[in-house]
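Some notes on the structure that comes next.
Throughout, a chain's letter reflects where its sequence line sits, starting with A, and its residues are numbered from 1.
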Number of protein chains: 2
Amino acid sequence: MTEGTRRRGTYAKTAARRREILEAGLEVFSTMGFRSGSIRDIADRVGISQAGLLHHFATKNDLLAAVLDLRDDIARDLFSPEDETGLNRVRGLVRMVEYNASVPGLVELYCVLSAEATTPEHPAHDYFVDRYRWVVGYTRAALEAMKAGGQTPADLDPASAARTIVALMDGLQVQWLLDRGSVDMADELRRYLGCILPGTDLAGVGAEEPEAGESRAGTEEPEAGEHRSA
Amino acid sequence: MTEGTRRRGTYAKTAARRREILEAGLEVFSTMGFRSGSIRDIADRVGISQAGLLHHFATKNDLLAAVLDLRDDIARDLFSPEDETGLNRVRGLVRMVEYNASVPGLVELYCVLSAEATTPEHPAHDYFVDRYRWVVGYTRAALEAMKAGGQTPADLDPASAARTIVALMDGLQVQWLLDRGSVDMADELRRYLGCILPGTDLAGVGAEEPEAGESRAGTEEPEAGEHRSA
DNA sequence: GTCTATAAATTGATAGAC
DNA sequence: GTCTATCAATTTATAGAC
């Protein structure tokens with residue numbers, strides 16, 4: 001079956017090309033946004049013509065959708081599975097932010113596109129509305145699980161806290177992109193979580209420092225008892 | 001001096017036109033961003049031709065700079081003067097967020113442009129770098145003043161808190177723009193400030209309820225005593 | 001101060017050869 | 001699968017009439 005062999009080869013090559021295009025598309029949409037980023041520019045980076053690119057993705061909108069899918073694939077692995085502890089899911093958020101600091105391109109993509117997609121006519125508008133609902137919901141559920149287990153102050157509002165946690169992560173990204181030296185995103189997030197979840201050990205899972213490290217053991221202490229009772 | 005009279009009349013008309021253009025520019029840049037927003041679109045809204053618009057602002061970049069200046073003029077009045085109390089300056093931030101919720105166009109402008117201007121080549125890049133430095137610095141100074149007066153927990157880090165306050169404000173804007181019903185920005189900010197500045201009365205200055213007296217001495221009260229001394 | 005006309009470049013997408 | 005050629009729109013900006 002020469003045909004079968006050839007076809008497999010062709011498919012593999014096509015898949016690789018598509019991947020190249022997606023990664024170039026991610027770069028361009030990150031810095032120029034969707035509307036101002038041109039598929040010609042993307043094609044140039046891959047080393048093919050603009051018409052050649054459109055053979056793999058029929059329209060510019062299709063390409064955008066595929067780029068967003070790619071980003072989701074990359075990120076999905078970083079979230080803890082649904083059956084994970086509430087605390088561990090919160091820790092997953094910190095891990096996510098730590099990871100983000102290593103991939104400025106992905107952060108830029110989200111920052112630029114989410115702002116651009118704020119207007120309802122944008123082709124990625126629904127995507128971002130859905131995604132925010134999901135992320136905030138995921139975070140709220142994690143906090144609710146912790147609250148049910150008595151791991152949070154009694155007056156914590158999980159819905160509100162979830163919104164602000166996500167908002168903080170987003171806002172820090174803008175400052176970080178504008179001046180990377182000025183902000184340690186994960187550090188600020190940890191501090192905030194320490195404020196609304198006093199006494200919680202956040203360094204747990206995939207933290208940076210396996211050893212004693214710079215973060216004093218004080219963070220581990222049972223300051224939990226002091227949950228503000230006014 | 002008919003000439004003088006005519007000239008004054010002309011100037012006044014020109015100033016009004018410029019203002020019209022700026023406001024239309026604000027609208028367009030808000031929804032489309034700078035790069036994708038077209039001066040033709042802006043000219044159409046004003047009811048003049050594109051060449052007519054370029055008589056008032058020589059280039060698109062000039063128009064952008066003028067739009068950002070206009071926004072600053074609008075916002076400057078909302079910030080408390082420098083000699084104001086640290087606490088009152090923090091209250092000013094809440095007032096600012098309350099005001100923002102009434103002018104979605106301005107919020108959109110900042111949200112979209114700040115993300116777009118994240119890349120160093122953007123014509124508004126320096127503007128946003130400077131502005132973030134200023135806002136974060138202003139907030140940090142306010143917190144430092146409060147800390148010096150014993151009005152904050154002893155372990156508060158003013159620089160970090162200032163960064164996160166500004167980040168929270170920005171991040172909430174994205175969620176609010178994507179789904180206005182889901183977020184009360186001022187409410188979330190107040191809650192956050194209540195967390196890092198426990199025992200502080202934030203409703204003070206330009207709050208919603210005018211009856212209780214706008215500047216009752218109670219706001220200055222030494223509720224500072226309850227700060228956790230650990 | 002505003003217009004028409006136009007330049008010069010760039011865009012997304014299609015047609016058809018190879 | 002990739003190319004060249006091309007189309008129709010759209011962009012910022014300029015020139016010059018009124």
Spacing between [X] atom [atom1] and [N] atom [atom2], to the nearest angstrom:
X	N	atom1	atom2	result
A:D62	C:dG12	CG	C1'	13 Å
B:L53	D:dT12	CG	P	10 Å
A:M32	C:dG12	CE	P	11 Å
A:Q50	C:dA9	CD	C1'	15 Å
A:H56	C:dT14	NE2	C1'	17 Å
A:I48	D:dT4	CD1	P	12 Å
B:F57	C:dT2	CZ	C1'	15 Å

For A:R35, all residues meeting side-chain hydrogen bond (donor to acceptor under 3.5 Å, both in side chains), sequence neighbours excluded: none
Pairs flagged by side-chain hydrogen bond (donor to acceptor under 3.5 Å, both in side chains) wherever residues 15-32 of chain A is involved - sequence neighbours left out: A:R17-A:E20, A:R19-A:E23, A:E27-A:R45
DNA chain D-proximal residues of residues 35-44 of chain B, any heavy atom under 4.0 Å: B:G37, B:S38, B:I39, B:R40
Is it true that [Y] and [X] share a donor-acceptor pair across their side chains at a distance under 3.5 Å?
X	Y	value
A:E188	B:S160	yes
A:D69	A:Y127	no
B:R163	B:Y132	no

Test salt bridge (Lys or Arg N to Asp or Glu O under 4.0 Å) applied to B:R190 and B:E98, step by step: CA-CA 11 Å; B:R190 256 184 246 107; B:E98 280 166 349; 2.5 Å; yes
Quiz: residues 50-59 of chain A side-chain donor-acceptor pairs under 3.5 angstrom, not counting sequence neighbours:
residue	atom	partner	partner atom	Å
A:T59	OG1	A:N61	N	3.4
A:T59	OG1	A:D62	N	3.1

Which residues share a ring-ring contact (aromatic ring centres under 6.0 Å, His included) with B:Y192, sequence neighbours left out: A:Y192
Side chain of B:H55 - closest among C:dT2, C:dC3, D:dT2: C:dT2
Closest listed nucleotide, where the reference is the side chain of B:A51 and the choices are D:dA13, D:dT14, C:dG12: D:dT14
Carboxylate-amine/guanidinium contact A:R40 A:D44, below 4.0 Å: no
Stem segments of DNA chain D by first residue number [Watson-Crick or G-U, under 3.5 Å, at least 3]: C:1-7 with D:12-18, C:9-18 with D:1-10
Any A:S49 side-chain nitrogen or oxygen under 4.0 Å from OP1 or OP2 of D:dC3: yes
Sugar-phosphate only, base, or nothing, as touched by A:L54 at under 4.0 Å among non-hydrogen atoms: base
